[in-house]
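Report on the following structure.
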Number of protein chains: 2
Amino acid sequence: MSQPRFRNWQAIQDEVLRRIHARDWPPGHVIPNEVDLAAEFGCARATVNRALRALAEAGMLERRRKAGTRVALHPVSRATVDIPVIRQEIEDRGQSYTYRMFSRKIARPPVSIQARLCPDSPVDCLHVTALHLASGVAYVFEDRWINLATVPAAANQNFDTISANEWLLATVPYTHGDISFTAEAAAGAEADLLGTARGAPVFVIDRTTWDHDRAITTVRLSYAPGYRIRTSVGTPVSV
Amino acid sequence: MSQPRFRNWQAIQDEVLRRIHARDWPPGHVIPNEVDLAAEFGCARATVNRALRALAEAGMLERRRKAGTRVALHPVSRATVDIPVIRQEIEDRGQSYTYRMFSRKIARPPVSIQARLCPDSPVDCLHVTALHLASGVAYVFEDRWINLATVPAAANQNFDTISANEWLLATVPYTHGDISFTAEAAAGAEADLLGTARGAPVFVIDRTTWDHDRAITTVRLSYAPGYRIRTSVGTPVSV
DNA sequence: CAGATTATTATGTCTATACATAATATCGCC
DNA sequence: GGCGATATTATGTATAGACATAATAATCTG
């Protein structure tokens, strides 16, 4: 029984997926170990490892040392969402980007914001509100607090030509961030600026970013009606 | 100048990230090639490759053969969102899961659904609506069409005890899917079932899944107010 | 000089081997 | 039989070397 010899890791990945789909290896099933698979596929163990590791990252397999590799019981859909810079997002749609700042002042943030930016002791923050427009039409309203203890340089920026969104990305590197998506009712001023009725559903992205342990900024982005985040799931099978 | 010798790929990843954050390597900068970095770090090229590949997958670097590796110009936040089975999601919150089916009938879907499930020629589909409850409270309303040409077995399932969501995941493997997130106004029956006012903002997930080129199902999940998808971004630095 | 061909280069990957590490299984002891 | 020490096992990772591949740069040719 001379095997067709799977020579690259994608081919092995596809074959493993095929067996999962064909229920040769049903959910929960412990699959053969890397050495055996390498022998069966006629390749090095490192190649099998590469294929299985990729499948584990995609959520199809669960791997534990000594315990082995099993087919995931709950095949969660693991989608990767790219959240681009707003200017980029608009220009990628073939529309022209404009930007209008509405307010900019230094203040102590409300406790809800303090909890995220400076949980230990309140510090001065820069509060900026602005609107991003696509071909002249309101696209997203930005309500941002910048931690001046982490980013003192922000105090010297007036943000009337370049948005805080872009300035921060270009100036202040971050190590990690929290993001959440919700559907909320458009509040007063927000609704007016987005050109929608009060109480209309708006898609909201809340994001807080840090540089190591120091919070940089927290922002609420409320998108005009019709906004949709698209993504896809699925193992990168060469269909 | 004896280097500290970076012996594992995570250490190399951290060092590369440090240089990016420190603006030693600003956005757009072409970093040294793998051979040089391996020499500098005192490790094998494969180890450098592992570190850089991981950073490229995270969106921090852009790599092209021959052209080399450069720091990403637009550091898009690449977030991975796990979309679990609904029962799992509710039970993970420590709440009890219940399920109520509302309607189930075989019919030709409307054109908007046909476009996704059977673009070539209309086929019979199973239309199921149901409500998932967390500790007795409405959690998410499910409006699903199942392609009977792809999944004929679904016609024999009444879905009164097990939800279509779970049955499909356990029975029909899929290769890939489209997902989108929107904020929409709760429509009539939907609003009543979710226990919210009509027109109230609901978070909606639309998903269509395929097995290779054959569409399996398309579903609209509208979540009760307060629903929030959380995720995080950031390179896996060992902070 | 334009266009086609060839050389160069950096990443992509495979191999074989070795050792590290975490988790389980087993054994010996009380 | 219960419990702690030890052996075993599968994955995780590092290494040096090799060849593949894509994209660019250089060169040749009409």
Side-chain angles (χ1 to χ4, degrees), chain A residues 2-17 19-20 25 27-73 235-238, chain B residues 2-17 19-20 25 27-73 235-238:
Chain A
S2 62
Q3 298 292 4
R5 278 197 149 249
F6 300 88
R7 311 211 117 276
N8 56 33
W9 69 269
Q10 284 101 336
I12 291 167
Q13 196 185 51
D14 287 358
E15 173 61 13
V16 170
L17 273 174
R19 294 185 186 184
I20 293 173
W25 294 341
H29 181 81
V30 176
I31 77 174
N33 69 44
E34 295 185 348
V35 176
D36 292 350
L37 283 177
E40 182 190 341
F41 291 143
C43 67
R45 181 169 82 90
T47 311
V48 174
N49 181 278
R50 181 87 160 83
L52 298 188
R53 186 156 43 79
L55 286 172
E57 276 167 18
M60 293 296 299
L61 297 176
E62 288 169 5
R63 322 195 70 197
R64 265 174 35 238
R65 278 176 167 156
K66 163 78 183 177
T69 301
R70 65 173 57 211
V71 180
L73 272 173
T235 41
V237 201
S238 37
Chain B
S2 63
Q3 299 293 3
R5 279 196 146 249
F6 300 87
R7 311 210 116 277
N8 58 32
W9 70 269
Q10 284 100 338
I12 290 167
Q13 195 187 50
D14 287 358
E15 172 61 14
V16 170
L17 273 175
R19 293 183 188 184
I20 294 173
W25 294 340
H29 180 81
V30 176
I31 77 174
N33 69 44
E34 295 184 348
V35 176
D36 292 351
L37 283 177
E40 181 191 340
F41 291 143
C43 67
R45 182 168 82 91
T47 312
V48 174
N49 182 279
R50 181 88 159 86
L52 297 188
R53 187 158 41 81
L55 286 172
E57 276 168 17
M60 294 296 298
L61 298 175
E62 288 170 5
R63 323 195 70 198
R64 263 173 38 233
R65 278 174 166 157
K66 161 80 183 179
T69 302
R70 66 174 55 212
V71 180
L73 272 174
T235 40
V237 201
S238 36

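Quick caveat: nothing in here was measured; it's all calculated off a predicted structure. Chain identifiers are assigned alphabetically (A, B, ...) following the order of the sequence lines, protein sequences preceding nucleic acid strands; residue numbering begins at 1 within each chain.
- Distance B:Q13 CD to D:dT13 P: 11 Å, rounded to the nearest Å.
- In this structure, B:N33 atom CG and D:dT24 atom C1' are separated by 15 Å, rounded to whole Å.
- Separating the CG atom of B:N49 from the C1' atom of D:dT15 is a distance of 13 Å, rounded to the nearest angstrom.
- With sequence neighbours excluded, the residues that form a side chain to side chain donor-acceptor pair (under 3.5 Å) with A:T69 are A:R63.
- Partners of B:E57 under the side chain to side chain donor-acceptor pair (under 3.5 Å) rule, at least two apart in sequence or in another chain, do not exist in this structure.
- Judged by closest nucleotide on DNA chain C, A:A44 is the one of A:A44 and A:A67 placed further toward the 5' end.
- For B:V48 against B:C43, the heavy-atom pair with the smallest separation is CG2-SG, 3.7 Å.
- Among residues two or more places apart in sequence or in another chain, the side chain to side chain donor-acceptor pair (under 3.5 Å) test is passed with A:R70 by none.
- Between A:A51 and A:I12, the closest heavy-atom pair is CB-CG2, 3.7 Å.
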Check your understanding: Taking it one step at a time, do B:D14 and B:F6 satisfy side chain to side chain contact (heavy atoms under 4.5 Å, CB included)?
Key -> CA-CA 10 Å; B:D14 287 358; B:F6 300 87; over 6 Å; no
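- Within the model, atoms NE2 of A:H29 and CG of A:L73 stand 12.5 Å from one another, a figure rounded to the nearest 0.5 Å.
- Nucleotide D:dA14 holds its P atom 10 Å from the CZ atom of B:R7, rounded to whole Å.
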Could you list all N or O pairs between the protein and nucleotides 18-20 of chain D that sit under 3.5 Å apart?
{"from": "D:dA18", "atom 1": "N6", "to": "B:R45", "atom 2": "NH2", "distance (Å)": "3.3"}

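- Smallest separation of non-hydrogen atoms from A:L37 and A:W25: CD2-CH2, 4.1 Å.
- Taking every nucleotide of DNA chain C with any atom under 4.0 Å from a non-hydrogen atom of chain B, the first and last of them, 5' to 3', are C:dT8 to C:dT13.
- Backbone-only engagement by A:N8 is indicated by non-hydrogen atom pairs under 4.0 Å involving sugar-phosphate atoms exclusively.
- In terms of heavy atoms, B:G59 sits closest to B:A72 at O-CB, 3.4 Å.
- Rounded to whole Å, atom P of D:dT13 lies 12 Å from atom CZ of A:R50.
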Output one line per pair: protein atom, nucleotide atom from nucleotides 3-7 of chain D, and distance, for all N/O pairs under 3.5 Å.
none

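- Of all heavy-atom pairs between B:N33 and B:V35, the closest is OD1-N, 3.0 Å.
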Check your understanding: Checking side chain to side chain contact (heavy atoms under 4.5 Å, CB included) for the pair A:L61/A:I20: CA distance, chi angles, key distance, verdict?
Key -> CA-CA 10 Å; A:L61 297 176; A:I20 293 173; 4.0 Å; yes
